[in-house]
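The block underneath contains the structure these notes are about, expressed in structure tokens.
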There are 2 protein chains.
Amino acid sequence: MNTVFDALSHPIRREVLEHLKRGGMTAGELADHFPVSKPTMSGHFAKLKAAGLILGENRGGTIVYTLNLSVLEEAVMGFMNRVRVGRDAADPGNVHRGEAR
Amino acid sequence: MNTVFDALSHPIRREVLEHLKRGGMTAGELADHFPVSKPTMSGHFAKLKAAGLILGENRGGTIVYTLNLSVLEEAVMGFMNRVRVGRDAADPGNVHRGEAR
DNA sequence: TCGTTATTTAGCTAATACGCTAAATAGCTA
DNA sequence: TAGCTATTTAGCGTATTAGCTAAATAACGA
């Protein structure tokens, strides 16, 4: 929980997650979308990974990062349910079904 | 957006929002639930307020803070929709309706 | 093996965040 | 006015964060 919200506190890291929504990307591909150095991006990846928000698969030389959406859902939606009045908090599943329409 | 996620990055501030879910509380009442000094809590309130997540109403001497749920919803659910694949992003209203079942 | 590419680690600086105590402010009541 | 309560502001120390460049590591192709 804590590590997830810490990770989400930086705009670059939130944007990285958005870039990954349609599938995996390499560290280099991701880094090219941001105006900071690659070592800096590497640090951002490390934080996202520590929070469990992304997974890194090493494919000889390059590393492919993928989004771990379930961790994000659980932390964020869990918190949102805790902040809203009781009515919904009892059924953890309905949020996701609800969004999917 | 940025200020909202910054505000959410500290566990005390998230918990303050939870405390306010059923109605307003004074700064002092809120502070009593946390193991840090009142000036420190005052700083947390200031950050939540700057992000628009709480509103402070001055009632002669004491200040009553209330949750501004719509700001939280807009920032957090907006982000969640951006991170999930396209299908849902088009209809901003359905998230809230979906949760309420 | 050598060079090239991809990524991370090390080491640094500057800025921000968080906690504290002491003091200031504002309103209330005697 | 004086004193009391509630809250914030000021000022300080320390820890963390975010950026950088330079160097290390790892895998690949010639």
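The analysis underlying the following values was restricted to heavy atoms, covering all of them including side chains, and did not include hydrogens, waters or symmetry mates. Within every chain, numbering begins at 1; the chains are lettered A, B, ... in the order of the sequence lines, protein sequences first and strands thereafter.
Distance CG/A:L30 to CG/A:L17: 10.0 Å, rounded to 0.5 Å.
We find that A:R13 and A:E15 are not joined by a salt bridge, their nearest charged nitrogen and carboxylate oxygen being 4.0 Å or further apart.
Atom C1' of nucleotide C:dT8 and atom CD1 of A:I63 are separated by 8 Å, given to the nearest angstrom. Following rounding to the nearest Å, A:F45 (CZ) and D:dT17 (C1') show an atom-to-atom distance of 17 Å. C:dT7 atom P lies 13 Å from atom CD of A:E57, rounded to whole Å. For the pair B:L48 CG and C:dA17 C1', the interatomic distance rounds to 14 Å; values are reported in whole Å. Rounded to whole angstrom, the span from the CE atom of A:M25 across to the P atom of C:dT7 amounts to 11 Å. Going from atom CG of B:D32 over to atom C1' of D:dA6 covers 11 Å, rounded to whole Å.
Judged by distance alone, with hydrogens and angles left aside, the side-chain atoms of B:E74 form no donor-acceptor pair with the main-chain N or O of B:V71 at under 3.5 Å. Between the side chain of A:K21 and the backbone N or O of B:R82, at least one donor-acceptor pair lies under 3.5 Å.
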Protein within reach of the bases, or only the backbone? For nucleotides 18-28 of chain C, mark each nucleotide 5' to 3' as B, S or -, using heavy atoms under 4.0 Å.
SBBBB----S-

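When the shell of 6.0 Å around CD of B:E18 is examined, it contains more than 12 heavy atoms from other residues, nucleotides or ligands.
Under 4.0 angstrom from either OP1 or OP2 of D:dA6 there lies no side-chain N or O belonging to B:Y65.
Counting non-hydrogen atoms under 4.0 angstrom, A:F34 reaches nothing in the nucleic acid.
Between B:F34 and B:H19, the angle of the ring planes goes over 60°, which puts this pair in the perpendicular group of the 30/60° scheme.
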